[in-house]
> 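Quick one: structure below, then a few questions.
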Amino acid sequence: MSEFELFSHPEYDEHKYLGFVADDSVGLRAIIAIHHPGDTFAAGGIRMQSYATTGAALTDVLRLSRAMTYKLAAAKLPVGGAKSVIIGDPATQKSPELLASFARAVNNLGGSYHCGADVGTNSADLREMSKTSPYTPPSDLGDFSIPTAVGVFNALRGAVYFRQRRESLEGIRVAVQGLGQVGSHLCTLLHDAGCELVVCDIDRARSEAVREQTGARIVSCDEVVAAEVDVFSPCALGGVLSEDTVPKLKATIVCGAANNQLASAEISALLRKLAITYVPDFIANSGGVISGLQRDCGYSDSESQERIASIFNTVLRLMLIAEETGVSSVLAAERLARDYLEGRS
Ligand code: NAI
């Protein structure tokens, strides 16, 4: 790829740093992208997967690191957005030597990039890398699924308030798709707030456990999108909101933890056209990153909780921007994030 093509790449968007890492002795090929440097450092996960081409890996890392900038700025964190990809099959190509070599590449950036786990990497890998680098802290610093669920709960309250001008969730019907770490805790919070729950998980035992605890009605995973509810909460996989599924929604609000809920960028306009209040995933699930960066950013537990509580206000603000300016909630959230970045620069 020529220099011209790289710098005019559709996802390039003025990235501040792009590094290509190769270590043949351990089979390492990786790309590190820093979209925004932040006040003192940028943060983002390490993704390990096979890519059809190096170009596909480059596109992915640029897109993901830019998305991290928006996610962190929308949460008003003084941390920049970054991401890295290790090109290879994590099941067969990951080794302690490869992880150590990658950690040395992170060290070469002198602390400007702090990493976490992402698809294809986990806390055991971070622990392995932390033997070599202080910038790859093991994620057993804490379980971020609970603050993530609390953040989704606050975002959902904000969306209900925006839509119905009511503060209580009593009697609000919510369909939760995916009852893992985040979804199951979210169900507890919603149940305690008086919601009626409809749930599904491909793992029947998880659905049964949530039903036992909350009295939720279990539906099949095919039916959940079309459930007769006020709110649909995707807490399983990405790509769930598509041209096929969105028209089936009975819910007037979508708010959940899953990353990358929109199958394509155009879906945000479709949701707006159908008058569905969509809380962008990177706003709804930002409780995890707020909590995860607490130590690095040096704020207290109570400040962290206040920030997670303020997701309610962030949702209200972005919905008002969307309404007043006639744009989708995703564009409104990106505008909020840009305002924060410009205010700091
Ligand atoms: P998890 O892996 O604990 O739970 C996911 C659940 O979804 C599992 O119970 C799985 O059986 C179920 N599932 C998978 N495919 C399904 C389908 N087609 N229909 C219904 N259920 C299905 O994951 P976790 O940690 O609860 O995260 C949920 C989502 O939130 C993920 O998309 C994750 O990327 C995102 N997220 C999680 C954060 C965290 O702190 N755990 C932070 C930010 C985002």
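Order of appearance sets the numbers: ligands from 1, and atoms from 1 within every ligand. Numbers here are sequence positions counted from 1.
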> Any nitrogen or oxygen of Cys235, main chain or side chain, under 3.5 Å from a nitrogen or oxygen of ligand 1?
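Among all N and O atoms of Cys235, none is under 3.5 Å from an N or O of ligand 1.
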> Which heavy atom of Thr277 sits nearest to which heavy atom of Ala159, and what is that distance?
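Where Thr277 meets Ala159 most closely, the heavy atoms are CG2-CB, 4.3 Å.
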> So, for Leu126 and Ala117, which heavy atoms are closest and what is the spacing to 0.1 Å?
CD1-N, 3.6 Å
> Out of Gly292, Ser291, Ala257, whose heavy atom sits nearest atom 44 (C) of ligand 1?
Ala257
> Report, in ascending order of atom number, the atoms of ligand 1 lying under 4.0 Å from any heavy atom of Leu237.
15 (N)
> Can Arg29 and Asp24 be said to form a salt bridge (charged side-chain N to carboxylate O under 4.0 Å, His left out), step by step?
CA-CA 8 Å; Arg29 287 278 184 283; Asp24 286 340; 2.9 Å; yes
> Looking at ligand 1, would Ser145 count as a contact under a 4.0 Å heavy-atom criterion?
yes
> Other residues, nucleotides and ligands only: do more than 12 of their heavy atoms fall within 6.0 Å of CD on Glu243?
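Counting neighbours around CD of Glu243, 12 or fewer heavy atoms of other residues, nucleotides or ligands fall under 6.0 Å, so no.
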> Got the closest protein heavy atom to atom 34 (O) of ligand 1, with its distance?
Asn259 ND2, 3.0 Å
> Can you see whether Tyr299 has Arg307 sitting over its ring - NZ or CZ less than 6.0 Å from the centre and within 45° of the normal?
yes
> Considering only protein heavy atoms, which is closest to atom 31 (C) of ligand 1, and at what distance to one decimal place?
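Sorting protein heavy atoms by distance from atom 31 (C) of ligand 1 puts Ala236 O, 3.2 Å first.
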> Establish, yes or no, whether a centroid distance under 6.0 Å links the rings of Phe282 and Tyr70.
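No, ring centres 6.0 Å or more apart.
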> Compare Val176, Asp203, Leu179, Asp201 and give the one whose heavy atom is closest to atom 11 (O) of ligand 1.
Asp201
> Answer yes if a protein heavy atom lies under 4.0 Å from atom 13 (N) of ligand 1, otherwise answer no.
yes
> Among all protein non-hydrogen atoms, which one is nearest to atom 18 (N) of ligand 1, and what is the separation to 0.1 Å?
Ile202 CG2, 4.1 Å
> Look only at interatomic distance and state if Lys71 has a nitrogen or oxygen under 3.5 Å from any nitrogen or oxygen of ligand 1.
no
> Check this for me - ligand 1, Gly288, N or O atoms closer than 3.5 angstrom, yes or no?
no
> What atoms of ligand 1 come within less than 4.0 Å of a heavy atom belonging to Phe144?
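What qualifies from ligand 1 is 40 (O).
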> Look at atom 3 (O) of ligand 1 and say whether a protein heavy atom is found at less than 4.0 angstrom from it.
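Looking at atom 3 (O) of ligand 1, one finds that a protein heavy atom does lie closer than 4.0 Å.
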> List ligand 1 atoms under 4.0 Å from Gly178, heavy atoms only on the residue side.
7 (O), 21 (N)
> May I ask you to identify, for Cys221, whether its side chain, its backbone, both or neither come under 4.0 Å of ligand 1 on a heavy-atom basis?
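For Cys221, only side-chain atoms sit under 4.0 Å from ligand 1.
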> Look at the side chain of Arg272 and the backbone N and O of Ala322, then say whether any donor-acceptor pair between them is shorter than 3.5 Å.
no
> Give the residue, atom name and distance (to 0.1 Å) of the protein heavy atom nearest atom 26 (O) of ligand 1.
Val182 N, 2.9 Å
> For the residue pair Cys255 and Val231, what are the closest heavy atoms and their distance?
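What the structure gives for the nearest pair is N-CG1, 4.4 Å.
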> Donor-acceptor check, side chain of Asn122 to backbone of Asp125, threshold 3.5 angstrom: yes or no?
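Pair found, side chain donor or acceptor close to backbone of Asp125.
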> Tell me, which protein residue and heavy-atom name are nearest atom 25 (O) of ligand 1, and how many Å apart are they?
Gln181 NE2, 3.3 Å
> Give the atoms of ligand 1, by number and element, whose distance to some non-hydrogen atom of Arg206 is under 4.0 Å.
8 (C), 9 (O)
> Just wondering, are more than 12 heavy atoms of other shown residues or ligands nearer than 6.0 Å to CZ in Arg217?
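Open.
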> Heavy-atom pairs closer than 4.0 Å: do any link ligand 1 to the side chain of Thr148, the backbone, both, or neither?
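It is the side chain that touches ligand 1; the backbone stays farther off.
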> Kindly give the heavy-atom pair with the smallest separation between Ser233 and Gly256, and that separation in Å.
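Reported closest heavy-atom pair: OG-CA, 3.5 Å.
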> Give the ring-plane orientation class for Phe41 versus His114, where under 30° counts as parallel, over 60° as perpendicular and anything between as tilted.
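Aromatic pair Phe41/His114 classed parallel.
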